[in-house]
Amino acid sequence: MRRVVAQMAVSLDGYFEGPDGDIGWHHVDEELHDHFNQQLATMSAFLFGRVTYELMERYWPAADQDPDSSPTEAEFAGIWREMPKVVYSSSLAAPGPKATLVRHVMHDEVRALQAQPGGDMVLRGALLGAAFRQHDLIDEYRLYVNPVLLGAGRLLFGPGEKPMDLRLVETRAFGNGVVLLRHERPH
């Protein structure tokens, strides 16, 4: 059964985004981007909310055509184009290539996706993550803790979250100061 893996960048003080949706504080260098590519190449689908999907879709489909793109960025552009995407949105009119639009997170529909063959599915987006958590649909968390304190913005985990025990399965420090904390939900 395919698992849902929430992969998110977070500040040391727990923010997913800074004020006004700022994500310019993400410390993504070649080492970390190469790690992302290796992880994502094994996945079978991206699960996105509208905002994250539109942000990614604006840049990545043709990023490898930019002469200033690094080989790692060019590699990710290919991963982006080829990977099936499920976009959860009540307002998006129509998604781009290789994307399926779903209006609401429905437990049974996600379980049906998980029952399909293939690698795990990567979930991105704080609001979508909260909706998946409400339905107990996240199997693993890969949090990339950035060495920055934002002091304000949107918290990754908001007040009122129900308690959940997780099991630490991996930590990894990158040269740029980012630390991966990988936790699984016990079954």
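Excluded from the calculations below are hydrogen atoms, water molecules and symmetry mates; all remaining heavy atoms, backbone and side chain alike, are included.
If you take CG on L181 and CZ on R172, they are separated by 13.0 Å, rounding to the nearest 0.5 Å. The CD atom of E30 sits 9.0 Å away from the CG atom of N37 when rounded to the nearest 0.5 Å. Atoms OG and CG, from S89 and L128 in turn, are 10.5 Å apart once rounded to the nearest 0.5 Å. Atom CG of N146 and atom CG of N176 lie 7.5 Å apart (nearest 0.5 Å). Atom CE in M43 sits 10.5 Å away from atom CG in L123 (nearest 0.5 Å). Once rounded to the nearest 0.5 Å, the distance linking CZ of F46 with CG of L40 reads 5.0 Å.
Every side-chain contact (heavy atoms from CB on, under 4.5 Å) that D34 has, sequence neighbours left out, goes to Q38, T72, E75. Residues that satisfy the side-chain contact (heavy atoms from CB on, under 4.5 Å) test with A63, not counting sequence neighbours, are Y59, W60, S69, A77. Considering only residues two or more places apart in sequence or on other chains, P71 meets the side-chain contact (heavy atoms from CB on, under 4.5 Å) condition with none of them. With sequence neighbours excluded, the residues satisfying ring pair (Phe, Tyr, Trp, His ring centres under 6.0 Å) with F36 are Y144. With sequence neighbours left out, the side-chain contact (heavy atoms from CB on, under 4.5 Å) criterion links E57 to Y53, P61, W80, P97.
Linking ILVMFWY residues whenever their side-chain heavy atoms come closer than 4.5 Å, directly or via other members, leaves L32 and V10 in distinct clusters. Grouping the Ile, Leu, Val, Met, Phe, Trp and Tyr side chains by contacts below 4.5 angstrom, directly or via other members, places V105 with V86. Residues M83 and V87 fall within the same hydrophobic cluster, defined by Ile, Leu, Val, Met, Phe, Trp and Tyr side chains chained together at heavy-atom separations under 4.5 Å. In the hydrophobic clustering of this structure, V110 does not group with F48; members are Ile, Leu, Val, Met, Phe, Trp, Tyr whose side-chain heavy atoms approach within less than 4.5 Å, directly or through other members. In this structure, M8 is not a member of the same hydrophobic cluster as V5, with clusters built from ILVMFWY side-chain heavy atoms closer than 4.5 Å.
Between V178 and E31, every side-chain heavy-atom pair lies at or beyond the 4.5 Å cut-off. Residues Y141 and M164 form a side-chain contact, since some pair of their non-hydrogen atoms from C-beta on lies under 4.5 Å apart. By the 4.5 Å heavy-atom criterion applied to side chains, L101 and L92 are counted as neighbours. Taking 4.5 Å as the limit, some side-chain heavy atom of L180 sits within range of a side-chain heavy atom of H35.
Here L55 sits in one hydrophobic cluster together with I23; the rule is ILVMFWY side chains under 4.5 Å apart, joined directly or through other members. The other members of the hydrophobic cluster of L155, by chain and number, are Y15, W25, V148, L150 (side-chain heavy atoms under 4.5 Å, ILVMFWY only).
Contact detail for P19 and A152: the closest heavy-atom pair is CD-O, 3.5 Å. The nearest pair of heavy atoms linking D13 to S11 is OD1-OG, 2.5 Å. Pairing each heavy atom of M1 with each of Q114, the nearest pair is CG-O, 3.5 Å.
Sorted by first then second residue, the salt bridge (charged side-chain N to carboxylate O under 4.0 Å, His left out) pairs that include residues 80-105, not counting sequence neighbours, are D64-R81. Residue pairs meeting the salt bridge (charged side-chain N to carboxylate O under 4.0 Å, His left out) criterion with at least one partner in residues 175-185, sequence neighbours excluded, are R3-E184, D139-R185, E140-R182, R167-E184, E170-R182, R182-E184. Note on residues 91-138: pairs passing ring pair (Phe, Tyr, Trp, His ring centres under 6.0 Å), not counting sequence neighbours, are Y88-F132. Within the structure, salt bridge (charged side-chain N to carboxylate O under 4.0 Å, His left out) contacts touching residues 36-51 (residues at least two apart or in different chains) are R50-E54. Within the structure, side-chain hydrogen bond (donor to acceptor under 3.5 Å, both in side chains) pairs that include any residue of residues 152-161 comprise E17-R154, R133-E161 (at least two apart or interchain).
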